[in-house]
Engineer: 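Take a look at this one; I'll ask things after.
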Amino acid sequence: MSLAGTNPFTKTEVETDVLTAEASSWQLIVWNDDVNTFEWVIETLMEVCGHSYEQAEQCSYLIHFKGKYAVKEGQYEDLEPMCNAILDRGISATIEELVS
């Protein structure tokens, strides 16, 4: 048996398709108002979004001074129940697509 002309160390490149599409990311925006107290907003963010007291307090100040703040980012399906829970507590909130 002759193997003349064949190189056992020949490298073969294999093309592989890579999935590069990314899922859209969304933001849960809480809006400032003149009705809800800092304490209520802080409590809401802790209970609904899982923020620590410090995170919720910082978010509430940003909401107050900037007029709105993105308190959470993620997939729409994850943020929708949080948004509804915040709205049920009388706090204005929306979900907006994150633009890159």
Side-chain angles (χ1 to χ4, degrees):
M1 174 184 243
S2 173
L3 296 177
T6 59
N7 183 349
F9 300 106
T10 302
K11 289 186 178 181
T12 305
E13 281 192 38
V14 177
E15 287 189 33
T16 306
D17 290 333
V18 178
L19 181 62
T20 57
E22 295 180 18
S24 296
S25 189
W26 298 80
Q27 295 178 318
L28 174 57
I29 309 288
V30 175
W31 297 81
N32 187 43
D33 62 33
D34 294 330
V35 178
N36 293 290
T37 65
F38 278 92
E39 291 80 15
W40 181 239
V41 174
I42 291 168
E43 182 180 326
T44 298
L45 293 176
M46 289 171 58
E47 291 177 4
V48 173
C49 299
H51 288 349
S52 67
Y53 180 85
E54 292 78 14
Q55 285 177 304
E57 183 181 45
Q58 289 175 354
C59 288
S60 66
Y61 279 114
L62 289 165
I63 293 163
H64 177 73
F65 289 111
K66 293 185 172 254
K68 66 177 184 174
Y69 185 68
V71 298
K72 200 86 167 167
E73 286 185 14
Q75 297 303 308
Y76 187 91
E77 297 77 20
D78 298 327
L79 298 179
E80 185 178 29
M82 291 181 200
C83 184
N84 291 334
I86 292 170
L87 292 170
D88 288 345
R89 292 168 175 243
I91 299 171
S92 298
T94 56
I95 301 173
E96 298 179 5
E97 189 168 14
L98 183 62
V99 179
S100 356

Engineer: Under a single-linkage definition using a 4.5 Å side-chain heavy-atom cutoff for Ile, Leu, Val, Met, Phe, Trp and Tyr, are Val71 and Leu62 assigned to the same hydrophobic cluster?
Structural biologist: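 Yes, same cluster.
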Engineer: Measure the acute angle between the ring planes of Trp26 and Tyr76, then classify it against the limits of 30° and 60° as parallel, tilted or perpendicular.
Structural biologist: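 Answer is perpendicular, since the angle exceeds 60°.
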Engineer: Can you tell me how far the OG atom of Ser92 sits from the CG atom of Asn36, to the nearest 0.5 Å?
Structural biologist: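 Rounded to the nearest 0.5 Å, the OG-CG separation comes out at 7.5 Å.
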Engineer: OG of Ser60 to CG of Asn32: how many Å apart, nearest 0.5 Å?
Structural biologist: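 Separation between the atoms: 10.0 Å.
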Engineer: Mind listing the closest non-hydrogen atom pair of Gln55 and Gly50 along with its distance?
Structural biologist: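 Minimum heavy-atom contact is OE1-O, 4.5 Å.
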Engineer: Taking the side chain as everything from C-beta on, heavy atoms only, tell me whether Ile42 gets closer than 4.5 Å to Met46.
Structural biologist: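 With C-beta onward as the side chain, the pair touches.
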Engineer: State, with a plain yes or no, whether a side-chain heavy atom of Lys72 is found less than 4.5 Å away from one of Met82.
Structural biologist: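 Lys72 vs Met82: side chains touch.
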Engineer: State, with a plain yes or no, whether a side-chain heavy atom of Leu28 is found less than 4.5 Å away from one of Cys49.
Structural biologist: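 SC-SC contact between Leu28 and Cys49 confirmed.
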Engineer: Name each donor-acceptor pair under 3.5 Å that joins a side chain in residues 63-70 to protein atoms two or more places apart or in another chain, with its distance.
Structural biologist:
none

Engineer: In Å and rounded to the nearest 0.5 Å, what is the CD to CD distance from Gln75 to Glu80?
Structural biologist: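 Separation between the atoms: 13.0 Å.
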Engineer: Could you state the interatomic distance from CD (Glu77) to CD1 (Ile95), rounded to the nearest 0.5 Å?
Structural biologist: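 Here the interatomic distance stands at 9.5 Å.
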Engineer: With rounding to the nearest 0.5 angstrom, report the CD1 to CD1 distance, Ile86 to Ile29.
Structural biologist: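 Rounded to the nearest 0.5 Å, the CD1-CD1 separation comes to 10.5 Å.
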Engineer: Should we count OH of Tyr61 as having more than 12 external heavy atoms under 6.0 Å?
Structural biologist: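 No, because the 6.0 Å sphere around OH of Tyr61 holds 12 heavy atoms or fewer from other groups.
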Engineer: Identify the two heavy atoms, one from Arg89 and one from Trp40, that lie closest to each other, and give their separation to 0.1 Å.
Structural biologist: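 Looking at all heavy atoms of both residues, the shortest contact is O-NE1, 3.0 Å.
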